Amino acid sequence: MAANGSLRGRPYHRPDTLQVSPSPASLTPLSTPLSMSSQGTQTPDRSPSPLDTMPAQWQPQLKRKQSSPMMPPFMVSAPGKVIVYGEHAVVHGKAAIAAAISLRSYLLVSFLSKSHRTVTLRFPDIQLEHTWDLDDLPWDAFSAKSKKKYYYDLVTSLDPDLLTALQPHIATVSPKVPEASRKIHHASATSFLYLFLSLASRKTPPCVYTLRSTIPIGAGLGSSASIAVCLSTALLLQIRALAGPHPDQPPRECETQIERINRWAYVGEMCIHGNPSGVDNTVASGGKAVLFQRTQLDKSPTVTPIWNFPELPLLLVNTRQSRSTKVEVAKVATLRRKHPVIAENILDAIGQITESAHTLLTSPGFDPTSPASLEHLGELVTMNHGLLVALGVSHPKLERIRELIDHTGIGWTKLTGAGGGGCAITILKPQAPVQNGNGVNHDTSSSSEYESSEETDSCSASIISSGTKLKHKILDSLEVKLENEGFEKFETTLAGDGVGVLWPAVLHNGNEEEGGEEIDQEKFLRAEGTAGIERLVGVQSSRKSRQRDVREGWRFWRPWETDVL
């Protein structure tokens with residue numbers, strides 16, 4: 001994505017595309033009253049402290065001076081991603097399409113009184129919690145004239161001197177946990193501190209950054225990129241370097257804000273993965289879908305947004321089978337060396353599937369509500385999986401998932417990502433299949449069968465329909481079968497929103513609290529699993545109507561709304 005607002009067909013971090021955006025003072029992202037320090041960091045306006053109203057007999061017992069009241073907490077959320085078409089072929093120069101999913105990471109930023117002088121990172125899903133003294137952090141190293149970066153800068157590599165300066169502060173993280181977990185904790189802490197010290201300042205108010213995620217970790221769904229986008233967005237919001245999001249924001253301005261977030265999320269990804277493709281953080285920032293292609297290994301991929309990719313109900317099943325992307329990529333390389341002509345034809349065919357999908361999605365007459373369009377996309381999914389099987393990157397567990405889902409006739413299924421384990425995705429058909437007396441499923445995608453449905457109007461109006469009772473019954477039965485065989489099933493949505501902001505962290509519907517339901521740390525940490533987190537923050541099951549997918553309060557940068565809708 002380019003900072004000049006033109007996203008289509010351009011490498012997402014080309015230095016020569018950068019245009020310096022307006023200074024933070026010219027932007028108006030937040031309605032919360034804030035004042036700016038000389039270094040661009042938020043500080044709260046002065047108002048009477050809670051200590052001022054305490055009984056006099058209590059005040060002498062307090063051994064610290066009075067502090068400013070806390071600013072209200074706020075929340076940021078970003079999606080995971082799946083590769084819809086083109087995995088493995090993309091390694092060999094073909095195009096691929098990746099799209100956002102509604103499984104998301106959530107970051108709650110809570111402010112402490114000034115006297116604390118600490119910053120805390122809490123990530124209970126991986127049992128990580130650590131607190132640093134703000135005054136002990138290596139601010140001098142990060143603010144040195146030759147090292148200092150600003151919110152509008154393009155950073156394409158990590159500074160080894162800054163990484164060295166971080167090491168004493170990373171070494172103290174999780175010293176007593178097993179080595180495998182400690183490596184994950186250290187990578188996460190490095191990503192957080194590198195971003196924090198690059199974007200914040202010595203005058204940054206004390207904070208607690210609490211992360212929760214509904215994205216399975218290590219399953220090829222972009223969980224680390226989603227977290228990096230949340231951290232990037234939160235820090236940019238704190239220094240008031242983002243405009244919006246708001247409903248009347250022009251698409252070009254939306255794209256500029258997304259690009260700013262994306263650039264710094266890429267820095268966070270480099271801290272974890274070394275040399276990431278940048279695709280995961282691009283999808284997590286902007287949402288919807290992208291076409292990406294790397295024709296030369298020494299150059300960045302070309303990333304083209306597909307803003308009109310329709311939101312589709314998606315079934316995602318985690319095999320819980322560990323896999324190695326490196327091993328699966330090596331399998332294809334070996335096959336290509338042994339059978340060059342055949343392997344190349346398979347890779348070419350996968351590339352053609354991606355091109356066919358992209359041509360349909362970007363054609364002038366594309367109708368995202370058309371059952372024929374959905375069938376076209378679904379058939380490409382099925383063919384893509386068959387070609388990946390031919391490359392040898394599937395797994396018995398992935399084939400078992402496909403067998404169970406295909407038997408129901410409820411959608412089109414393929415593996416996603418490197419294969420060898422990981423996850424399978426199924427684009428659900430808008431209508432449940434009809435079973436004959438022998439229990440055999442028949443497709444009901446013809447127009448006459450649509451018209452005979454008890455939910456004809458909703459299904460013909462949109463392929464994002466919630467489905468019939470029969471469809472729900474099939475999904476419930478399928479869930480039991482999948483869980484009995486050790487698989488994990490998620491009902492999610494494909495190609496939805498990118499990064500979102502809840503400022504302050506208060507939800508205004510679906511609750512009984514006067515003035516809205518405030519999301520504090522206690523509630524956030526107490527939420528159990530995916531269902532608990534989604535219930536708290538307002539994300540509903542894909543079976544709900546689209547209008548209820550996001551509770552009031554969340555705001556998103558949506559550059560596609562003016563261009564497409």
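Everything quoted here is computed from the prediction, not taken from an experiment.
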When you look at Phe192 and Ile227, which way does the side chain to side chain contact (heavy atoms under 4.5 Å, CB included) test go after all the steps?
CA-CA 10 Å; Phe192 169 71; Ile227 289 168; over 6 Å; no
Q: Report the C-alpha distance between Glu399 and Ser394 in whole Å, list the side-chain angles of each, state the deciding distance to 0.1 Å, and finish with yes or no for side chain to side chain donor-acceptor pair (under 3.5 Å).
A: CA-CA 7 Å; Glu399 293 308 303; Ser394 188; 2.6 Å; yes
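Ion pair Glu522/Arg526 flagged as a salt bridge, since at least one NZ, NE, NH1 or NH2 atom sits closer than 4.0 Å to an Asp/Glu carboxylate oxygen. A salt bridge links Lys489 to Glu491: one of the charged nitrogens lies within less than 4.0 Å of a carboxylate oxygen.
A donor-acceptor contact closer than 3.5 angstrom links the side chains of Thr426 and Thr413. If you check the side chains of His273 and Ser224, you find a donor sitting under 3.5 Å from an acceptor. A donor and an acceptor atom, one from each side chain of His395 and Arg323, are nowhere located under 3.5 Å apart. With hydrogens and angles left out, the side-chain atoms of Thr282 and Asn262 include a donor and acceptor closer than 3.5 Å. Ser102 and Thr492 are linked by a side-chain donor-acceptor pair at a separation below 3.5 angstrom, with hydrogens and angles left out of the test.
For the pair Asp406 (side chain) and Glu403 (backbone), a donor-acceptor distance under 3.5 Å is absent. Side-chain N or O atoms of Arg212 include one that pairs as donor or acceptor with a backbone N or O of Phe524 at under 3.5 Å. Distance alone, capped at 3.5 Å, is enough to place a donor-acceptor pair between the Thr233 side chain and the Val229 backbone.
Here Glu528 pairs with nothing under the side chain to side chain contact (heavy atoms under 4.5 Å, CB included) rule; sequence neighbours left out. In this structure, the side chain to side chain donor-acceptor pair (under 3.5 Å) partners of Asp280, at least two apart in sequence or on a different chain, are Lys81.
Partner of Asp497 under the salt bridge (charged side-chain N to carboxylate O under 4.0 Å, His left out) criterion, out of Arg104, Arg558, Arg555: Arg558 alone.
Taking the six-membered ring for Trp and thresholds of 30 and 60 degrees, Trp503 and Phe74 have nearly parallel ring planes, at less than 30 degrees apart.
Nearest heavy atoms, Ser373 versus Leu360: O-CD2, 3.8 Å. A pairwise comparison of heavy atoms in Phe556 and Gly500 identifies CD2-CA, 3.4 Å as the closest pair. Shown here for Phe366 and Pro310, the closest heavy-atom pair between the two residues is CZ-CD, 4.0 Å. Contact detail for Ser105 and Ser223: the closest heavy-atom pair is OG-O, 4.1 Å.
For Lys481, the NZ atom is loosely surrounded, since the number of other residues' heavy atoms within 6.0 Å does not exceed 12.
Listed by first then second residue, pairs satisfying side-chain hydrogen bond (donor to acceptor under 3.5 Å, both in side chains) with a partner in residues 349-366 read Ser356-His376, not counting sequence neighbours.
Of the inter-residue distances, the one linking Glu129 atom CD with Leu525 atom CG reads 8.0 Å to the nearest 0.5 angstrom. Atom OH of Tyr106 and atom CD1 of Ile215 lie 8.5 Å apart (nearest 0.5 Å).
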